[in-house]
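Notes follow once the structure below has been shown.
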Amino acid sequence: SPRWVLMGSRGATTLRTGNERGFTPPHGAGFTLIEVVLIATLISILLVASLPRFHHTAQRLRVEQAAFGLAQLLRFSHELSVTEGTDVIWAWQGVERASRVWELADDQGLWRDRSPSRRAALAEGVSLAVGHGEPSLGCPEPLVASSACVHFFPDGTSEPTTLTVRLPVAAADEGGP
């Protein structure tokens with residue numbers, strides 16, 4: 001709290017606030033240039049040390065986002081097959097780095113594209129591996145250009161398949177621990 005000091009000079013009296021030494025601010029009220037430079041250097045060192053972790057976290061989040069998007073399309077394919085009572089195929093198209101959902105439209109083998117309007121391609125640097133149980137049904141005739149297919153049947157079952165979403169090994173190692 002400020003101190004009120006009664007200052008007098010040859011008969012004139014003035015009431016002012018201040019400290020015991022006068023009206024200058026206390027000596028330690030600010031930072032010296034050395035202190036500011038040391039703190040800036042310390043913050044810079046901490047930021048540089050933490051950048052690899054941020055990079056690794058960003059890569060991990062890209063993989064998680066890709067896996068989540070693919071899981072949503074697989075769920076959609078399963079639900080569509082059960083509700084419509086028809087065969088549905090989830091097809092991975094490696095060239096486009098995207099997947100599509102196809103529904104068997106009639107008994108003559110015509111397939112209709114039922115992919116959601118908002119289809120996002122798999123992010124660059126993220127890879128997808130599709131592994132089938134034996135025997136694999138493969139992609140039907142009009143969808144042969146697809147890299148891999150997963151069949152969903154009206155009874156709620158599907159072809160045994162494992163999808164693995166990951167970063168390439170070299171990119172994953174660059175991010176640090």
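Nothing here was measured: the structure is a model prediction, and the numbers come from that model.
Considering OG1 of Thr164 and CG of Leu70, their distance stands at 11.0 Å, rounded to 0.5 Å. Taking CZ of Arg100 as the start and CD1 of Ile89 as the end, the distance is 13.5 Å to the nearest 0.5 Å. Rounding to the nearest 0.5 angstrom, the gap separating the OG1 atom in Thr161 from the CG atom in Leu74 is 8.5 Å. With rounding to the nearest 0.5 Å, the separation of CZ in Arg114 from CD in Glu84 is 5.0 Å. Here OG1 of Thr57 is found 12.0 Å from CZ of Arg62. Values are rounded to the nearest 0.5 Å.
The 12-atom threshold is not exceeded at CD1 of Ile34, counting heavy atoms of other residues, nucleotides or ligands nearer than 6.0 Å.
Proximity of Ile39 to Ile43: side-chain heavy atoms (C-beta onward) are separated by under 4.5 Å at one or more points. A 4.5 Å side-chain heavy-atom check between Leu38 and Glu35 finds every atom pair outside the cut-off.
Of all heavy-atom pairs between Phe76 and Pro116, the closest is CE2-CD, 4.2 Å. Here the closest heavy-atom approach between residue Asp87 and residue Trp111 is recorded as O-CZ3, 3.9 Å. Residues Glu159 and Val150 come closest through the heavy atom pair OE1-CA, 3.9 Å. The minimum heavy-atom distance linking Trp90 with Leu163 is given by the pair CH2-CD2, 3.5 Å.
In this structure, Glu79 does not pair ionically with Arg75, as no charged nitrogen and carboxylate oxygen lie closer than 4.0 Å.
One N or O on the side chain of Ser115 and one on the backbone of Val101 form a donor-acceptor pair closer than 3.5 Å. No donor-acceptor pair closer than 3.5 Å links the side chain of His78 to the backbone N or O of Phe152. No donor-acceptor pair under 3.5 Å is formed between the side chain of Thr157 and the backbone N or O of Asp155. Judged purely by atom type and a 3.5 angstrom limit, Thr86 has no side-chain atom pairing as donor or acceptor with the backbone of Ser81. Here the side chain of Gln59 pairs no donor or acceptor atom with the backbone of His56 at under 3.5 angstrom.
Residues Trp92 and Ser99 bring no donor and acceptor atom of their side chains to less than 3.5 Å of each other.
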